[in-house]
Amino acid sequence: MQVLFSSSLCILLALLIHRVSSETFSRNKGEEHASFPPRGWNSYDSFCWTISEQEFLQNAEIISRRLRLYGYEYVVVDFLWYRRKVPGAYTDSLGFDVIDKWGRMIPDPDRWPSSKNGKGFGEVAKTVHSLGLKFGIHVMRGISTQAVNANTPILDVTTGAAYEESGRKWTAKDIGIKERACAWMQNGFMSVNTKLGAGRAFLKSLYVQYAEWGVDFVKHDCVFGDDLDLDEVTFVSEVLKELDRPIVYSLSPGTSVTPAMAKKVNGLVNMYRITADDWDTWGDVVSHFDITRDFSTANMVGATGLLGKSWPDLDMLPLGWLTDPGSNEGPHRRCKLTLDEKRTQITLWSMAKSPLMFGGDVRNLDYATYGLITIPTLLEINSFSSNNKEASPSSNIFKPEKECLTNRWRHVTDGRSPKTHVLGLTSCEDVKAIGWSIEALDQDLEQICWREKLENKHQTPFCLYKRKSRVASDEDIGYQQKYQGKFHLLATDGSKFCLHASPKKKITSKEYRRGSFSPCQQDANQIWEFNPNGTLTNSYSSQCATLNSLRAKKAISTGVRSWIATGLKDIGTFNVTRIHWASGEIYLAFFNLNSKKTVISAKISDLAKALPGRNLTGASCKGYEVWSRKDYGIMSQSISTPVEMHGSALFVLHCFTA
């Protein structure tokens with residue numbers, strides 16, 4: 001008989017091997033990027049943009065002592081580290097940022113004193129590395145509005161001087177695309193023209209500088225989801241391949257992301273958000289179930305990425321001591337989730353193999369939260385499990401009471417219908433984007449209408465009025481030429497409000513109800529193009545519009561969900577006379593989305609339908625449940641347990657046949 005090793009000992013050993021191999025990778029560029037879902041800490045949930053060098057390094061030191069053993073190796077400064085913390089400064093203020101003579105963002109020297117004299121984040125990175133950790137920063141798309149307004153020259157890193165081409169020096173105004181400003185930070189940043197040598201030179205100068213500072217991780221924001229900028233992501237990925245320093249590449253945010261959209265970028269990056277911002281509300285937590293199911297079904301988890309693997313990212317874990325979204329205040333309150341809701345969140349994140357980025361201020365880390373984020377079984381699942389997926393409804397493992405509604409829609413009401421028209425964005429290759437048509441009302445007026453999937457032939461289609469983009473002055477002629485053949489869409493003829501594709505503010509995962517019209521302006525977010533195949537393309541994200549109808553009612557996600565995964569093959573397998581062990585470890589998670597306690601069951605014979613190559617006909621399973629620590633002994637035919645409202649159960653199973 002082979003001896004069954006202690007599960008906890010094996011898990012801790014695996015985590016230690018993970019940490020050592022990760023530290024080896026940091027010294028060896030040739031190693032695979034993001035072999036496991038990255039794990040660490042991000043400052044946003046606890047400090048928003050206000051964190052200082054002292055506060056950051058205090059957190060890093062505690063993470064090194066208390067969390068590094070568990071694989072938490074990245075410490076990431078989130079956005080606006082270059083903004084001066086003075087009266088009048090906030091998340092979308094203009095004129096408060098610190099830039100160098102080349103228009104590049106550099107740390108605010110008042111908050112980051114070690115950055116003075118041109119040192120940037122170099123000293124902070126050295127300190128982080130001395131703690132055995134890796135250093136990460138958040139960056140925005142393109143170039144800052146402040147740099148464009150100042151018309152700074154562009155650095156050519158190959159010469160160390162201003163970029164020259166065609167007999168002249170190029171500047172920020174030459175490369176900034178004002179009409180492609182970040183939709184939710186209009187005063188902050190805009191895309192650069194990557195078709196220009198000067199635009200590419202500017203982006204390259206940014207990432208060369210980050211590598212010189214000692215950066216190990218870059219979170220690139222306002223370039224994905226509704227804000228997709230595929231040209232910039234593609235070029236940045238190429239730059240990162242050429243650097244002497246390995247840098248893990250992460251994309252954000254994830255509003256409206258679908259597997260079809262993600263397949264355009266996953267090979268270019270190492271992790272990418274698939275939801276909007278996640279905060280500590282049950283609505284945010286429950287909004288992640290459908291999207292995680294979609295990505296696991298599409299085999300996107302751990303797919304090929306930039307010089308390694310890529311991972312769908314469910315966002316930070318907003319647990320512990322937090323701030324509020326968009327706040328100018330640091331950590332000042334506890335997480336609002338109940339204990340059961342917290343367990344549900346970290347169980348789903350682990351089963352879906354999402355990167356685990358803790359968001360709370362670890363200087364005030366309570367015992368219960370520390371216990372949640374360091375449970376060896378969950379961390380082992382997150383790093384080493386396989387075949388992770390939501391159990392198929394055809395397996396009869398669970399029967400949802402209602403279909404969960406996702407966070408990927410925006411509601412647009414036309415005032416004529418008792419129903420709500422729901423505008424979404426998707427890849428233009430998606431068949432769901434096909435369904436728009438043009439209807440001429442008179443010689444000068446046309447409508448764009450959605451006619452697909454109407455509930456009956458008498459139903460009035462959803463229509464918008466087409467208006468060519470208007471030119472106010474000679475200075476706008478270039479804008480008109482750039483968007484020739486494209487147009488604004490209005491709710492009514494003569495309206496001054498135009499349809500925009502991407503949200504005008506940073507939203508959270510539960511916010512799928514929001515307006516989609518704003519005052520008409522020269523904004524690529526409001527510019528559309530009709531294609532012969534019946535699709536409608538937005539000029540900001542290059543994604544296509546699709547429309548569903550939803551009855552105007554309060555949408556509540558209820559029912560139960562189940563996820564399954566397999567563990568390391570050589571842990572827990574042994575032979576006993578007359579007993580055949582049919583599998584290694586199997587992880588089975590139940591999730592109760594209902595507002596009352598619910599008994600959830602799974603037939604053992606149905607588990608095999610989600611596990612390739614497994615035969616569990618007539619099998620029994622022996623196992624325990626992680627949260628209750630209850631040993632369920634040997635279970636025949638089915639696995640069943642009551643689960644608290646908004647709670648979860650996680651079984652570790654070994655199944656066998658007699």
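Only heavy atoms go into these numbers, but all of them, side chains included; no hydrogens, no water, no symmetry mates. All residue numbers refer to positions in the sequence shown, counting from 1.
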* To do: Only counting residues at least two apart or in another chain, list the ones meeting side-chain hydrogen bond (donor to acceptor under 3.5 Å, both in side chains) with Ser52.
  => Glu55
* Not counting sequence neighbours, which residues clear salt bridge (Lys or Arg N to Asp or Glu O under 4.0 Å) with Asp156? List them please. => none
* **All ring-ring contact (aromatic ring centres under 6.0 Å, His included) counterparts of Tyr210, not counting sequence neighbours** => Tyr207, Trp213
* Heavy-atom pair with the smallest gap, counting every atom of Met300 and Asn266 -> CE-CG, 3.9 Å
* **For Thr426, side-chain hydrogen bond (donor to acceptor under 3.5 Å, both in side chains) partners two or more places apart** => Asp430
* **With Trp311 via ring-ring contact (aromatic ring centres under 6.0 Å, His included) - residues at least two apart** => none
* To do: Answer yes when Asp174 and Arg168 have at least one side-chain N-carboxylate O distance shorter than 4.0 Å, and no when they do not.
  => yes
* Would you say Asp324's side chain and Ser327's backbone share a donor-acceptor pair under 3.5 angstrom? -> no
* Asked: Looking at residues at least two apart in the chain, or sitting in another chain, which of them share a ring-ring contact (aromatic ring centres under 6.0 Å, His included) with Phe358?
  -> none
* Asked: Going by the salt bridge (charged side-chain N to carboxylate O under 4.0 Å, His left out) test, which pairs reach into residues 103-116, not counting sequence neighbours?
  -> Arg84-Asp108, Arg84-Asp110, Asp100-Arg104, Asp108-Arg111
* Listed by chain and number, what are the salt bridge (Lys or Arg N to Asp or Glu O under 4.0 Å) partners of Glu164, not counting sequence neighbours? -> none
* What's the verdict on salt bridge (charged side-chain N to carboxylate O under 4.0 Å, His left out) for Glu429 and Lys263, showing C-alpha distance, side-chain angles and the deciding distance? -> CA-CA 11 Å; Glu429 290 78 27; Lys263 286 177 180 178; over 6 Å; no
* Please identify each residue that fulfils side-chain hydrogen bond (donor to acceptor under 3.5 Å, both in side chains) with Arg200, with sequence neighbours left out. => none
* To do: Classify the ring geometry between Tyr272 and Phe295 as parallel (under 30°), tilted (30 to 60°) or perpendicular (over 60°).
  => tilted
* **Residues in side-chain hydrogen bond (donor to acceptor under 3.5 Å, both in side chains) contact with Tyr249, at least two apart in sequence or another chain** => His220
* Angle class for the Trp41/Phe56 ring planes (parallel below 30°, perpendicular above 60°, tilted otherwise)? -> tilted
* To do: Write out all pairs satisfying disulfide bond (SG atoms under 2.5 Å apart) with one or both partners inside residues 154-195, taking only residues at least two apart or from two chains.
  => Cys182-Cys222
* Can you sort out the partners of Cys498 under disulfide bond (SG atoms under 2.5 Å apart), two or more places apart, ordered by chain and number? => Cys520
